[in-house]
*Asks:* 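Let me give you the structure first, and then I'll get to my questions.
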Amino acid sequence: MVRAAKARHSIALAPVPTKGLPVSDSERSTEEPRDPSGIDAVRWTEGKLELLDQRRLPGEVRRLLHEDATATARSIREMVVRGAPAIGVAAAYGAVLSARQHWKASGDGWREGFLADLEQLKAARPTAVNLSWAVDRMSRVDVQPGSDPEPAMLAEARRIHAEDIAMNLAMAEKGSELIEESCTVLTHCNAGALATGGLGTALGVIRQAWREGRIKRVWADETRPWLQGARLTAWELAREGVPVTVIADSAAAQLFRSDPPAWVIVGADRIAANGDVANKIGTYALAVLARQHGVRFMVVAPSSTVDMDTPTGAEIPIEERAGEEIWAAAGGAVEGAEAANPAFDVTPAELIDAIVTEKGVARPPSRESLAALITA
Ligand code: MRU
C-alpha cells in the first residue's frame, strides 16, 4: 500500500488500485451512492472521504483520503476535485468529517468549530454555487442536543450525492431528446462524471445521445490553461468508446465554418435568475461563435446550479486563479511578464438556446422560463 510521504492536514493516498476503473463492487458499502460510470470522482469509504486526484489524470489514477474539513477545502481549492456539482458533494462529506472531529473534541460544543469549517469549505471556490448550496444544506441538518451529529450528517451528505446522480440521469434524458440523428457536438471543459456525483451534466447528455445513435462524434476543446477538455473529457469519453477529437480552443471558429457541429453542449457553475450562465473561461467566446455560425447552444445543469438570489450574470463572482497555471501551460514563466487567469466567464442568456435541468428545459432561457421550472 502506498502512503503519502508526509500528509499536511489529513490527506493520504487511498489504499485502492492505481490502475484501471471502475473499482470492484466488493469494495463498496451498499449504502454508498454509485456513479453509474464507475468513475466515482467522490466517494465515502470506511468513514473517510476519497477523491480521485484530477490533477494527475489521465497519466495516473490515484485517490486521496481525507479525514477533516481543512484537507477537504484544500483539495477543492487545488482542484483534486473540481466541477460545480462534484465540489458540492465533496464539501458535504467534508462537513461530516468536521462534525465528527468537533464532536470528539468538544462534545455538545461541536457546532462552533463546525460552522467555522463550513465557512472554510464555502470559501474554497467562489463561482460554483453548488458549493454553498450543499454547505448550507449541511448547516441545516437537525441534530438533537447531546447526540452524536455524524449519523444525521452522513445521511444528508449521501442524500445530496444520490440526488446529484439522479439529476444527472434525468438531464441526460431531457437533453438527448433535443439532439437530432447522427450529428456532431462540441463540448468545453469537463462536465462529466469527474465533475459530478454521477454521469455528468453536458457529458451525461452526450453519453445518452451517443448510446441512442444521435451523436457520431464529440469535439472537445482542450480548455486552457488547466486542460480539463484534453485531459479529462477526452479520457472519460475514450474509456467508454465515445468517438472524441480534441481541438485547440482557438480552432473552434475554423471548425464552425468548415464542419459545424449541431450543438455546443456545456455545463454551468452558476446560472443567474435571468438565465445568464457562468461557466469555464472560453464558454462565452464559444457562444458568440455559435450564434455567428448558426450552431445551437445548450447548457445542462441541475437546479442546484440555478441561483435565484443572483439577478444577473454581472453579480456572479468570477474566480481569479494563480498565474502559475498559465505559465505551467506555457512551459514556464517569462521573466518580466505577468499572467492573468480568470477561471470563468458569463454567457448572456440571449446566446443560449436551451438550459436543461432535471426539472425540465428552459427554451429559450429567460427569467420567466427559469422561474417556472425552478419554483414548480
Ligand atoms: O474549474 P473547474 O474545472 O471546476 O470548472 C468546471 C466547469 O466550468 C464545468 O463546466 C462546470 O463546473 C460544470 S460541471 C458539471
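In each ligand, atom 1 is the first atom listed, and ligand 1 is the first ligand listed. Hydrogens, waters and symmetry mates are skipped; everything else that's a heavy atom, side chains included, is used.
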*Asks:* Pairs in or reaching into residues 144-188: which pass ring-ring contact (aromatic ring centres under 6.0 Å, His included), with residues at least two apart or in two chains?
*Replies:* Tyr93-His161
*Asks:* So if I count the atoms of ligand 1 from 1 in the order they appear, which ones are less than 4.0 Å from some heavy atom of Thr196?
*Replies:*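 So the answer, numbered in order with elements, is 15 (C).
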*Asks:* Given the rule that I, L, V, M, F, W and Y join up when any side-chain heavy atoms are under 4.5 Å apart, are Ile76 and Phe344 in one cluster?
*Replies:*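 Ile76 and Phe344: separate clusters.
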*Asks:* Hey, which atoms in ligand 1 end up nearer than 4.0 Å to a heavy atom of Gln228?
*Replies:*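 What qualifies from ligand 1 is 1 (O), 2 (P), 3 (O).
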*Asks:* Kindly confirm or rule out an N or O of Ala84 lying under 3.5 angstrom from an N or O of ligand 1.
*Replies:* yes
*Asks:* Out of all atoms in ligand 1, which are within 4.0 Å of some heavy atom of Lys280? Include the element for each.
*Replies:* 1 (O), 2 (P), 5 (O), 8 (O)
*Asks:* Will you find, in the side chains of Ser369 and Arg363, an N or O donor that is under 3.5 Å from an N or O acceptor?
*Replies:*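 Not at all, the side chains of Ser369 and Arg363 share no donor-acceptor pair under 3.5 Å.
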*Asks:* Would you say ligand 1 has an N or O under 3.5 Å from any N or O of His188?
*Replies:*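 For ligand 1, there is no N or O atom that lies under 3.5 Å from one belonging to His188.
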*Asks:* Evaluate salt bridge (charged side-chain N to carboxylate O under 4.0 Å, His left out) for Asp307 paired with Arg270, printing each intermediate quantity in order.
*Replies:* CA-CA 7 Å; Asp307 180 5; Arg270 190 185 298 230; 2.8 Å; yes
*Asks:* For the residue pair Thr312 and Asn274, confirm or rule out a side-chain donor-acceptor distance under 3.5 Å.
*Replies:*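 Side-chain D/A pair, Thr312 to Asn274: absent.
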*Asks:* Which residue supplies the protein heavy atom nearest to atom 3 (O) of ligand 1, what is that atom called, and how far is it?
*Replies:*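 For atom 3 (O) of ligand 1, the nearest protein heavy atom is Arg82 NE, 2.5 Å.
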*Asks:* Below the 3.5 angstrom mark, is there an N/O of Gly83, backbone or side chain, next to an N/O of ligand 1?
*Replies:* yes
